[in-house]
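Atoms within each ligand, like the ligands themselves, are counted from 1 in listed order.
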Amino acid sequence: MPIEWAPSSWRQKTALQQPVYESEREMAEALNALASLPPLVTAWEIGTLKRQLAEAAAGRRFVLQGGDCAELFEDCESGSITNKLKILLQMSLVLTHGGRKPVVRIGRFAGQYAKPRSSDWETRNGTTLPPYRGDIVNQPGFSTEARRADPWRMVRGYERAAMTLNFLRAMARGGFADLHHPEYWDLDFVKHSPLAEEYSRIAAGIGDSLDFLESVLGVRAGEMEWVDFFTSHEGLLLPYEEAQTRLDPRSGLFYNFSTHFPWIGARTSHPGGAHVEYFRGIANPIGLKIGANVKPDEFRALIETLDPARDPGRLTILHRLGAGKISGSLPPLIREARAAGRTLTWICDPMHGNTRTTPDGIKTRSFDDILGELEQAFDIHRAEGGALNGVHIELTGENVTECTGGARGLTDADLARAYKSQVDPRLNYEQSLEIAMLLSRKMRAAG
Ligand code: PEP
Ligand code: CO
């Protein structure tokens with residue numbers, strides 16, 4: 001265990017991006033309630049993911065991490081959850097086909113409720129209020145009551161995460177993901193998509209491979225009838241994370257039991273800050289978002305603090321550098337990690353470095369920038385003698401219009417039609433599948 005660390009030792013440091021709660025008493029009551037509720041995940045599952053992330057770092061697996069920028073409490077309903085599972089499954093199928101290696105599926109769900117914001121205040125028509133910080137803190141409406149940070153929302157967030165996870169586990173084990181029936185996974189609108197034919201070809205190819213395997217082996221590929229999903233969220237709201245951090249009696253280690261794979265966001269990744277302090281002491285595999293502003297020596301300090309034991313699978317770098325900056329920013333990071341003797345898992349988040357605002361004030365991202373950053377990441381890692389180990393996407397299983405481009409050529413003018421995100425723009429169902437297909441082609445061509 002790290003020296004002088006406790007689940008609460010982050011409180012001695014500066015914690016950015018935290019809401020201000022009015023009543024300490026109410027806060028303490030909510031946190032007590034949270035701390036007495038059972039874990040959402042187990043140390044056994046967390047350990048499995050860590051081993052799989054180490055295998056990804058060694059090039060034997062590929063990671064697909066995806067989901068909403070911010071989950072909403074109201075998204076905790078069957079349609080929204082199943083659609084997210086379906087798109088992640090379909091993408092993973094396509095990536096397995098191209099990359100010829102198993103895909104580790106990690107959702108940004110069952111707890112992705114807290115959001116960092118660019119400003120501590122929001123002013124509209126002369127009225128100034130705290131910003132919306134995600135459903136686990138407050139509400140998006142612009143009123144004093146809606147924007148009040150309510151500690152009981154942490155308990156509600158935990159409950160929503162538990163219900164989401166319960167449904168997810170049942171679906172993943174219940175034949176929904178049976179690879180013998182990829183046609184079950186069709187969503188209505190894929191039938192009318194320009195990509196439908198290519199997707200059907202891939203699905204048919206997988207069916208043929210299974211038939212071949214089964215006739216050669218003489219057994220049904222039983223273990224393929226269910227799939228694993230792991231959960232992840234940004235570990236932003238530290239009192240919540242602390243309340244779900246407990247000692248695992250078997251290993252003597254502290255785990256964050258609210259999720260398998262928490263990550264540190266780009267806005268809270270300062271080497272001396274409270275988030276890094278909290279994360280250094282938990283035994284989960286952890287993610288670290290790295291933006292183009294992070295200097296190599298700062299990066300070095302972060303990886304030394306967060307992976308002191310040089311433990312493969314422990315630390316995943318989620319680089320989100322931007323299509324225009326990745327060629328300059330990524331090589332020094334890779335070299336720094338090598339010089340520091342670390343085996344890291346490298347995942348490209350091609351979303352967060354490519355956000356722009358339209359002349360009408362709508363936040364969007366272009367499909368070409370997203371694909372461009374991803375393809376560059378793939379090539380740069382190879383050129384540096386390693387490999388890109390995964391991709392991190394903000395997506396939804398629904399037919400929204402939040403990012404431009406893709407096979408249907410969405411433009412700025414289309415954005416108003418079905419823009420639902422309260423925060424960052426997500427790839428819609430078809431755009432997500434298209435990214436997976438194009439990446440898969442690239443993996444296949446690279447051999
Ligand atoms: C996010 O993943 O939604 C996010 C806020 O990303 P970043 O920390 O990379 O800006
Ligand atoms: Co986001």
Side-chain angles (χ1 to χ4, degrees), residues 15-19 63-72 75 84 106-120 131-137 140 157 231-238 241 259 261-271 273-276 278-279 286-294 298-299 302 306 315-323 325-326 329-330 333 346-357 362-366 369-370 373-374 377 390-396 400 402-403 419-428 431-432 435:
L16 300 180
Q17 296 284 343
Q18 305 301 295
V63 183
L64 170 64
Q65 187 179 16
D68 287 305
C69 181
E71 265 180 303
L72 305 177
D75 289 341
K84 257 180 282 195
I106 308 178
R108 283 176 64 114
F109 48 46
Q112 175 52 21
Y113 295 123
K115 293 310 298 174
R117 303 315 306 256
S118 48
S119 168
D120 279 345
Y132 168 61
R133 290 187 181 276
D135 277 8
I136 199 161
V137 174
T231 64
S232 67
H233 66 249
E234 178 174 348
L236 182 68
L237 187 60
L238 290 174
E241 305 302 335
T259 188
F261 181 57
W263 78 83
I264 309 179
R267 289 178 202 274
T268 50
S269 64
H270 314 283
H275 289 80
V276 170
Y278 168 74
F279 272 79
I286 60 173
L288 173 66
K289 289 276 201 114
I290 292 290
N293 58 336
V294 176
E298 196 182 339
F299 181 65
L302 285 166
L306 295 170
L315 182 58
T316 294
I317 304 304
L318 303 158
H319 51 79
R320 29 87 86 220
L321 303 164
K325 293 193 176 154
I326 185 170
S329 305
L330 182 56
L333 299 176
W346 296 90
I347 296 187
C348 175
D349 163 0
M351 312 297 291
H352 289 89
N354 293 313
T355 315
R356 68 180 178 94
T357 306
I362 304 174
K363 248 181 161 188
T364 188
R365 292 160 174 159
S366 99
D369 288 345
I370 294 167
E373 180 165 355
L374 197 50
V391 55
H392 179 118
I393 301 277
E394 280 185 351
L395 54 78
T396 163
V400 300
E402 297 173 4
C403 293
Y419 196 105
K420 296 193 187 147
S421 175
Q422 295 285 350
V423 275
D424 289 339
R426 302 160 296 179
L427 291 177
N428 64 25
Q431 290 169 328
S432 303
I435 283 280

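Here the CG-CH2 distance, from Leu288 to Trp263, works out to 12.5 Å after rounding to the nearest 0.5 Å.
For ligand 1 and Pro116, the ligand atoms under 4.0 Å from any heavy atom of the residue are 5 (C). Residue contact check: Gly265 has heavy atoms under 4.0 Å from atoms 8 (O) of ligand 1. Of all atoms in ligand 1, numbered sequentially from 1 with element shown, those under 4.0 Å from a heavy atom of Cys69 are 3 (O).
Put simply, the side chain of Gln18 gets close to the backbone of Leu238: a donor and an acceptor are under 3.5 Å apart. With hydrogens and angles ignored, the 3.5 Å screen pairs no side-chain donor or acceptor of Glu298 with any backbone N or O of Pro271. The closest donor-acceptor contact from the side chain of His275 to the backbone of Leu236 lies under 3.5 Å. Although no hydrogens or angles enter the test, the distance criterion places no donor-acceptor pair under 3.5 Å between the side chain of Arg108 and the main chain of Glu394. A donor-acceptor pair is defined here as one N or O able to donate and one able to accept, closer than 3.5 Å; such a pair exists between the side chain of Gln112 and the backbone of Glu234. Between the side chain of Ser232 and the main chain of Gly107, a donor-acceptor pair closer than 3.5 Å is present.
Shortest contact from atom 8 (O) of ligand 1 to any protein heavy atom: Ala266 N, 2.8 Å. Lys289 NZ, 3.5 Å is the protein heavy atom nearest to atom 7 (P) of ligand 1.
On a distance-only criterion, Arg108 and ligand 1 share at least one N/O pair closer than 3.5 Å.
Counting just the N/O/S atoms of Glu394, the one with the shortest distance to the Co ion (ligand 2) is named OE2. Note on Asp424: its N/O/S atom closest to the Co ion (ligand 2) is OD2.
Among His352, His319, Gln65, the residue whose heavy atom lies closest to atom 4 (C) of ligand 1 is His352. Nearest residue to atom 10 (O) of ligand 1 from Arg320, Arg267, Lys115 is Arg320 (criterion: closest heavy atom).
The NE2 atom of His352 and the SG atom of Cys69 subtend an angle of 180° at the Co ion (ligand 2), given to the nearest 10 degrees.
Taking the side chain as every heavy atom from C-beta outward, Lys289 and Ser269 never approach each other to under 4.5 Å.
Heavy atoms of Ala70 found under 4.0 angstrom from ligand 1: none, in either backbone or side chain. Using a 4.0 Å cut-off between heavy atoms, Met351 makes no contact with ligand 1 at all.
Within the structure, the closest approach of Glu394 to ligand 1 falls below 4.0 Å when heavy atoms are considered.
Relative orientation of the His352 and His392 rings is perpendicular, given thresholds of 30° and 60° on the angle between their planes.
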